[in-house]
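So the structure is just underneath, and the comments pick up after that.
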Amino acid sequence: MRPTSTSGFYLSRKAVVICSFLVLVLLVVCTVLAILYGKLIAEKTGICSPTLEPPSTDWGTAAPGRQGPWNNSRLPNSLIARNYQLELWPRSLSGLERPSHFFGQVNVTVTCIKETEVILLHSHKLLYTGVTIVSLIPSDIRCTWFAVENDYLVIELNKKLITGADYIIQANYSGKLEEYPTGLFISNYTEWGVNKTIIASQMEPVYARSVFPCFDEPAMKATFDIRLVHRPQFVALSNMPAIHFSERLEKNGAWKVTTFNTSVKMSTYLVALVISDYGCVNTTSNGVEIRVWADKQAISNGEAHYAINVLGPILSFFEEYFNVSYPLSKLDVVALPELEMDAMENWGLLTFREEILLYHPDVLIGYQFEITKVIAHELAHQWFGNLVTMYWWNDLWLNEGLARYFEFMGASVVFPPEKTENIILVDELTNSHPVAEKEEHVRTPEEIHLMFSGVTYNKGADVIAIASRIMTKELLAKGLRSYLKTFSYSNTVTDDMWNHLQMAIDSQDAIKLPASVKSILDTWAKQEGFPLITVNTISGIITQEDNVENKMENCMSNKSWFIPVFWVKSGSKQPVIWLEEKYNTIPEVKCTTDEEWVLLNFNISAFYRVNYDDSNWHRLSLQLNNDSSVIPVINRAQMISDAFHLARVGHVDIEIALGMTMYLAKEKENLVWFNAMEHLKHIESMLTATSSYGLYKKFFFDRVVPFYHYQMKSINHVFKNINNVDINISLFVSTIETVCRLNLKDCLDQATSLFSQFMSNPAVNRIPYLFREVICCGAIKAGTIIEWDFVFSIYQMHISISDDLDLLSAMACTTDPWMLTRYLHYAMDESKIPKDYSWRVFEYVVHYPIGWFLAWNFIRANWKMFQPPKTEYIELENLIWTLSDGFTSNFQIKELELFLNNTAKGHEWSTLLQGLNVKLQKKLKWKEKNNPKIYNWLSKNIG
């Protein structure tokens, strides 16, 4: 207690009470008048509303029509974030054990670099109970509100913040745990038959704002002090090591509080959190503690051992190669039940979808290579992305393209060089957008998401591969090391990369380029698409044009590339040719004899397609037949790809493309077959209902069967040995699927034998994990109702989603019409096949000619079972679109149109029918043009 005062004047108790009451009344009246006045001013001037309720689906800004920085999708440059003190507490609002929401407290320290009366923080669907600014009194805050369109929490002030001064923005808030893996989400998994949950985060690209109010742009780097509140039985992980544990008591029991060390400076999208009941295995590499976390059943089964054994060596390799140490003291790697992407590179806390990280003993050994590549990709991000980050999402390739390039190099620590060459064929590229997009073209979250495309990853990697080829791997490494050291803990744009590669070139005299690094590589990184080079070996003329299918679009294009052409003539290397103009005459490319041939893009120096005159295509085909080893493996693969693509768009005849595959019976390289298989299967699907199919089937059979036997030799000709050999999984499965479909007796016998063993003892499944669909399909195709019913009984056990889909596909392989018809009836019976899977049945059945006719007739005969409300129109459209693969005439489109108009009224079908008609016309036009040519060519060459 404070001591009694001994001076002053005194009032009676009654007087004090009366005065206090009058003061209280006066305060209430003033408060009411102030609120009414504020509302009146807001209504008249449109200033803002003081509400902090979260936006609903129809909620607009609190100040409609009023312009301000909140109308811009990018943050203003008035504040810089320095540090976040963040506490998150996931829990249930209803008292249930499963958390449904999270409660947060955050202190954001910012520095004012430009006077402002408005503070914008990104915030998405968060509910606030209070927002204050330390060093400002409450009356300094005019109001707070949401600018929903751009995900802003807006704080308007009555006074300007002072340039150079630091401020702390404090907020208390809550949010909902997502069921989908974005933001802070909750997932389910099963461990020894017990259902469990795990809480994890996925902040990239723009989900941090749904977890805490922040400056959610990659250039707004800051340090983070994170604290997580969770149940004592769980383990909490974040980017940094845990440094303190305490207890928090409440009436429902005790909670554990885990506090983490202050993070290094990083972007908001790299913040990571995991709360789980997982177990782990651990190791140490160069003083870095590495732990792999997974459910305890997987840990007990040894499924994390492969990852823990490769993480350290790859991390050490990158430290040495980049000459920059990994800056953290620990690296946690977590296998999650679900994740939006394969994996996420959060600094110090990598997250993976469990099937991408864990190695199951019953999965083919070849799958280890895929696991290794993804691990190497995420570890490369610790430098390209985490340490040095693109300034804005338009330059995402500086993260993802570099990580894709180095994933192959990182994998070389574990696998031999011939398996880890950075090979990205032109087939994997598209024309959709430039690698380095203009900043103004990437503004909204939707536009940001579009940057996460195959173009950014694959083409971005190839841009670096081009740099490596023209300036040597050693100079590339020198430039990248300088880039990393200069921009550590900061942000860059594409030109920063070019500047440091140029510095490496300028530091020596041996390598000379015809132009600056920027002048050359900008044409590859800042233009959409890629070029087609056409070579005439008779005239010596070389042209370059945009590789687009639309000839009119091509004629209007003024794009050109600075192209390094590495080439050979009849197997002899020639001096590099630099193409910058659209037309060049190069006398050296002329062929003067029937034996000479020219091959451009030797060893794939850059991503472009090459077309030759017919005589040179013919001479290349002869060389492949006589001695294919003269031509590098990657060029053999790319030539086949180029020939079929160019035939599809009308630049060359289909006979030329087929001629390039004549030699394939002697080809043993996976890369070539991986590429050729796709094109040969596509031609097969186009010819299925034509007069050419019989000859084409024999042609395909004669080429793929020798490769099948070559692959089988590696497993001693026994399918079940496949787990013990390091092979290319997807290619082997594709080969076996093909030869079984083409009725190779050895394949069908092997499938039937292995399947019979499975039937005799279902508890011991010796069919390899990724092999089940092919084996079951082959056995069902060669078998009877007994095999089919057995597979259906296994399917009803619902082992896993992937098993379900494999088995559903396999059951469509039967050639008995009545069994397929029964299968279609099963698909409409929810007691046998869940509604969500019924459409899969139709999708699989229509892939086979007999199945297509049965499915189409079944749908027409049982239309009432498909009509809304039993079926959504969108599902019907998807089903009909799938069926359209089997359409072979205009009459079928007319028949479908009449049927839909008569039986499925109440829905607008014109858009769907128009799309189907365009699709069919392309198919019919292709068949009309190419089927006679293929038939004549096959008759001449196959007999």
Side-chain angles (χ1 to χ4, degrees), residues 425-427 429-438 455 459 462-463 465-467 469-471 494 498 512-569 574-591 597-617 620 635 638-639 641-653 656:
L425 297 176
V426 173
D427 267 6
L429 303 174
T430 64
N431 290 321
S432 58
H433 65 79
V435 168
E437 185 61 90
K438 293 181 179 179
V455 173
K459 190 175 174 182
D462 268 354
V463 169
I466 293 172
R469 189 70 188 273
I470 65 177
M471 64 186 294
T494 293
W498 299 162
K512 298 293 184 182
L513 299 178
S516 68
V517 169
K518 175 178 171 59
S519 297
I520 296 170
L521 295 183
D522 265 358
T523 64
W524 297 97
K526 295 187 177 181
Q527 292 187 126
E528 63 181 2
F530 54 92
L532 165 65
I533 292 181
T534 301
V535 186
N536 190 314
T537 61
I538 300 171
S539 65
I541 295 176
I542 299 181
T543 65
Q544 63 160 299
E545 58 186 310
D546 196 355
N547 180 65
V548 294
E549 295 184 17
N550 189 315
K551 293 184 179 180
M552 180 62 69
E553 183 181 344
N554 204 337
C555 292
M556 298 174 64
S557 173
N558 60 358
K559 288 186 289 185
S560 64
W561 287 260
F562 214 133
I563 308 173
V565 179
F566 293 84
W567 65 296
V568 295
K569 193 170 190 177
Q574 305 295 314
V576 63
I577 299 171
W578 284 92
L579 300 179
E580 185 179 8
E581 304 298 329
K582 286 199 168 189
Y583 300 92
N584 299 77
T585 299
I586 312 292
E588 290 81 4
V589 303
K590 292 182 181 180
C591 292
W597 49 268
V598 166
L599 174 67
L600 270 62
N601 209 6
F602 185 69
N603 276 327
I604 311 300
S605 58
F607 49 97
Y608 56 84
R609 293 199 184 277
V610 185
N611 190 13
Y612 305 96
D613 54 280
D614 289 356
S615 58
N616 195 65
W617 276 115
L620 286 170
N635 281 108
Q638 191 65 65
M639 281 194 301
S641 170
D642 286 347
F644 276 101
H645 171 82
L646 294 169
R648 182 166 59 85
V649 298
H651 283 297
V652 303
D653 287 332
I656 287 176

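Heads up: numbering here begins at 1 and tracks the sequence. None of these values were measured; they are calculated from a predicted model.
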Practice item. May I have the step-by-step check of side chain to side chain donor-acceptor pair (under 3.5 Å) for Asn611 and Thr534, ending in yes or no? Key: CA-CA 5 Å; Asn611 190 13; Thr534 301; 4.6 Å; no
Evaluate the side-chain proximity of [Y] to [X]: yes if any heavy-atom separation is below 4.5 Å, no if none is.
X	Y	answer
Phe566	Asn603	no
Val463	Phe607	yes
Arg609	Phe530	yes
Pro434	Gln527	no

Are the side chain of [X] and the backbone of [Y] linked by a donor-acceptor contact shorter than 3.5 Å?
X	Y	answer
Lys569	Lys590	yes
Asp462	Ala606	no
Lys459	Glu528	no

Which atom of [X] lies closest to which atom of [Y], heavy atoms considered:
X	Y	result
Lys518	Lys526	NZ-NZ, 3.7 Å
Leu532	His651	CD2-NE2, 4.0 Å
Val565	Ile533	CG2-CD1, 4.1 Å
Ala515	Ile520	O-CD1, 3.7 Å
Thr585	Ser539	CG2-O, 4.4 Å
Ile470	Leu513	O-CD2, 3.4 Å

How long is the gap from [atom1] on [X] to [atom2] on [Y], to the nearest 0.5 Å?
X	Y	atom1	atom2	result
Ile586	Gln574	CD1	CD	12.0 Å
Leu599	Leu620	CG	CG	6.0 Å
Ser605	Ile466	OG	CD1	7.5 Å
Trp561	Gln544	CH2	CD	7.0 Å
Ile577	Ile542	CD1	CD1	4.5 Å
Thr523	Lys559	OG1	NZ	11.0 Å

Review point. Which one of Asp613, Val610, Asn616 satisfies the side-chain contact (heavy atoms from CB on, under 4.5 Å) criterion with Val598?
Key: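 With Val598 as partner, Asp613, Val610, Asn616 yield a single side-chain contact (heavy atoms from CB on, under 4.5 Å), made by Asn616.
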Check your understanding: For Pro531, which of Ile563, Asp546, Thr543, Asn547 qualifies under side-chain contact (heavy atoms from CB on, under 4.5 Å)?
Key ->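 Among Ile563, Asp546, Thr543, Asn547, the one meeting side-chain contact (heavy atoms from CB on, under 4.5 Å) with Pro531 is Ile563.
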**Study point:** Side-chain donor-acceptor contact under 3.5 Å, Asp522 with Trp498
**Key:**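 Short answer, yes.
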Check your understanding: By side-chain hydrogen bond (donor to acceptor under 3.5 Å, both in side chains), which residues pair with Trp567, not counting sequence neighbours?
Key -> none
Check your understanding: Can the ring centres of Trp597 and Tyr612 be said to be less than 6.0 Å apart?
Key ->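 So the answer is no for these two rings.
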Practice item. Could you please spell out the steps behind the side-chain contact (heavy atoms from CB on, under 4.5 Å) verdict for Asn635 and Phe602? Key: CA-CA 7 Å; Asn635 281 108; Phe602 185 69; 4.1 Å; yes
